[in-house]
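One structure is given here, and the rest of the page talks about it.
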Amino acid sequence: MGGRLAGRRVVVTDCDELIGPEIVAVFREEGAEVLADRRDLTQPSAAAALIEEAGQGDVLVANLAAKVPGKLAHESDDAELDLMLDRLVRPLHRLTRAVLPQMMARRQGKIVVVGAGAALRGVPRRAVYAAARAAQHGYVRSVAVEVARHNIQVNATAQTFVENPTYFPPEYQATDEFRARMENVPAGRLATAREAAQFLLTLAGPESDFLVGQIFPFTGGWVH
């Protein structure tokens, strides 16, 4: 089977969340062998078990999701912050720690993190969520410069206003709040999940071979 990722084994986490289903579909269309995983990665041993089961992993797509608490900073307790870290930050480190040795041994690999635009622009009622997403970006930048000499590329997106059932379900799109938020999006619409997945495909393919620790806003101009 041909395609840009022909012969590549790709691990996609939280495959039922965010744009996971579309990532799986698009990558398979491009010839990848995709392991679509839905296990609970908050368990300390889960990430290492996933990578061991995957065997050789050419591409890791860290698609990690968490429901936004939606509270002001002074209303958010430690448990809510811990939940964001447990869902978005600790699994990223565990996955990366597990997959890097084999990539370094083969001198080849890609790690692509599906991040969030909330880490790049202040948003009310998003403080603990944005903190965890920003931690992802800081992690990506540092790991990327550590492993670039091993021919491993680590990059991330900072997406928002992308169709997905986690953050923009149809019932939310029917609200006044959603319509008010869309007034601040220059593109004037949500991106489709497929559009976002196709951009991730670029970060997983040979086009990203010279990209090191880059964070790419995918927000329809909301961040630019």
Side-chain angles (χ1 to χ4, degrees), residues 5 8 10-15 17-20 22-24 26-27 32 34 37 41 47 50-51 57-66 68 84-100 103 108-123 126 128-148 150-162 164 166-167 191 193-224:
L5 296 181
R8 301 288 186 181
V10 179
V11 177
V12 180
T13 67
D14 279 3
C15 65
E17 302 287 344
L18 295 175
I19 57 170
E22 203 64 35
I23 296 171
V24 173
V26 168
F27 278 44
V34 179
D37 190 76
L41 291 173
L50 168 58
I51 299 304
D58 298 298
V59 180
L60 167 65
V61 181
N63 178 61
L64 299 168
V68 179
M84 295 299 100
L85 297 175
D86 285 343
R87 293 287 303 170
L88 302 175
V89 180
R90 292 187 177 96
L92 176 59
H93 175 55
R94 292 166 182 154
L95 289 161
T96 301
R97 184 175 61 198
V99 80
L100 276 180
M103 290 182 172
Q108 178 177 295
K110 309 274 186 182
I111 297 176
V112 182
V113 178
V114 184
L120 302 181
R121 175 173 169 172
V123 183
R126 298 291 188 275
V128 295
Y129 173 74
R133 288 299 191 181
Q136 288 183 329
H137 289 171
Y139 186 82
V140 162
R141 289 188 176 101
S142 291
V143 173
V145 298
E146 291 177 3
V147 301
H150 298 286
N151 192 35
I152 300 167
Q153 292 78 47
V154 185
N155 296 287
T157 60
Q159 74 172 39
T160 192
F161 298 110
V162 176
N164 70 83
T166 306
Y167 298 135
R194 186 172 183 83
E195 286 174 316
Q198 287 173 327
F199 186 70
L200 293 171
L201 180 65
T202 299
L203 299 183
E207 299 88 347
S208 71
D209 285 353
F210 201 61
L211 299 178
V212 177
Q214 300 297 299
I215 310 297
F216 293 95
F218 190 87
T219 65
W222 184 73
V223 172
H224 55 80

If you compare all heavy atoms of [X] against all heavy atoms of [Y], which two are closest, and at what distance to 0.1 Å?
{"X": "V114", "Y": "R133", "result": "O-NH1, 3.3 Å"}
{"X": "A116", "Y": "Y129", "result": "CB-OH, 3.5 Å"}
{"X": "A47", "Y": "P91", "result": "CB-O, 4.5 Å"}
{"X": "R194", "Y": "V26", "result": "NH1-CG2, 3.5 Å"}
{"X": "A132", "Y": "L88", "result": "CB-CD1, 3.9 Å"}
{"X": "A158", "Y": "H137", "result": "CB-CE1, 3.7 Å"}

Under the 3.5 angstrom rule, does the side chain of [X] hit a backbone N or O of [Y] as a donor-acceptor pair?
{"X": "D37", "Y": "L50", "value": "no"}
{"X": "K110", "Y": "G205", "value": "yes"}
{"X": "Q214", "Y": "V212", "value": "yes"}
{"X": "N63", "Y": "D14", "value": "yes"}
{"X": "N164", "Y": "I19", "value": "no"}

Margin query: Would you say that V143 contacts L100 through its side chain, given a criterion of any heavy-atom pair below 4.5 Å between the two side chains?
Written below: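 They are in side-chain contact.
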
Margin query: One pair to check against side chain to side chain contact (heavy atoms under 4.5 Å, CB included): V113 and Y139. What are the steps and the verdict?
Written below: CA-CA 10 Å; V113 178; Y139 186 82; over 6 Å; no

Output the distance between atom [atom1] ([X]) and atom [atom2] ([Y]), rounded to the nearest 0.5 Å.
{"X": "L18", "Y": "I23", "atom1": "CG", "atom2": "CD1", "result": "8.0 Å"}
{"X": "L85", "Y": "L92", "atom1": "CG", "atom2": "CG", "result": "12.0 Å"}
{"X": "M103", "Y": "I51", "atom1": "CE", "atom2": "CD1", "result": "7.5 Å"}
{"X": "E195", "Y": "E22", "atom1": "CD", "atom2": "CD", "result": "10.0 Å"}
{"X": "L60", "Y": "T13", "atom1": "CG", "atom2": "OG1", "result": "6.5 Å"}

Note to self: Can you tell me which residue among W222, F216, Y167, F218 is in a side chain to side chain contact (heavy atoms under 4.5 Å, CB included) with Q159?
What the structure shows: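 For Q159, the side chain to side chain contact (heavy atoms under 4.5 Å, CB included) test succeeds with only one of W222, F216, Y167, F218, which is F218.
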
Next item on the list: Sort out for me which residue in L203, D209, I111, V147 forms a side chain to side chain contact (heavy atoms under 4.5 Å, CB included) with Q153.
Entry: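 Going through the options one by one, the only one that passes is D209.
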
Check: Please walk me through it: do R126 and V68 pass side chain to side chain contact (heavy atoms under 4.5 Å, CB included)?
Finding: CA-CA 7 Å; R126 298 291 188 275; V68 179; 3.3 Å; yes

Next item on the list: Evaluate the side chain to side chain contact (heavy atoms under 4.5 Å, CB included) criterion for residues Q136 and L64: first the C-alpha distance (whole Å), next the side-chain angles of each, then the deciding distance (0.1 Å), finally the verdict.
Entry: CA-CA 10 Å; Q136 288 183 329; L64 299 168; 4.0 Å; yes

Check: Between T166 and E17, is any side-chain donor less than 3.5 angstrom from a side-chain acceptor?
Finding: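 A donor-acceptor contact under 3.5 Å links the two side chains.
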
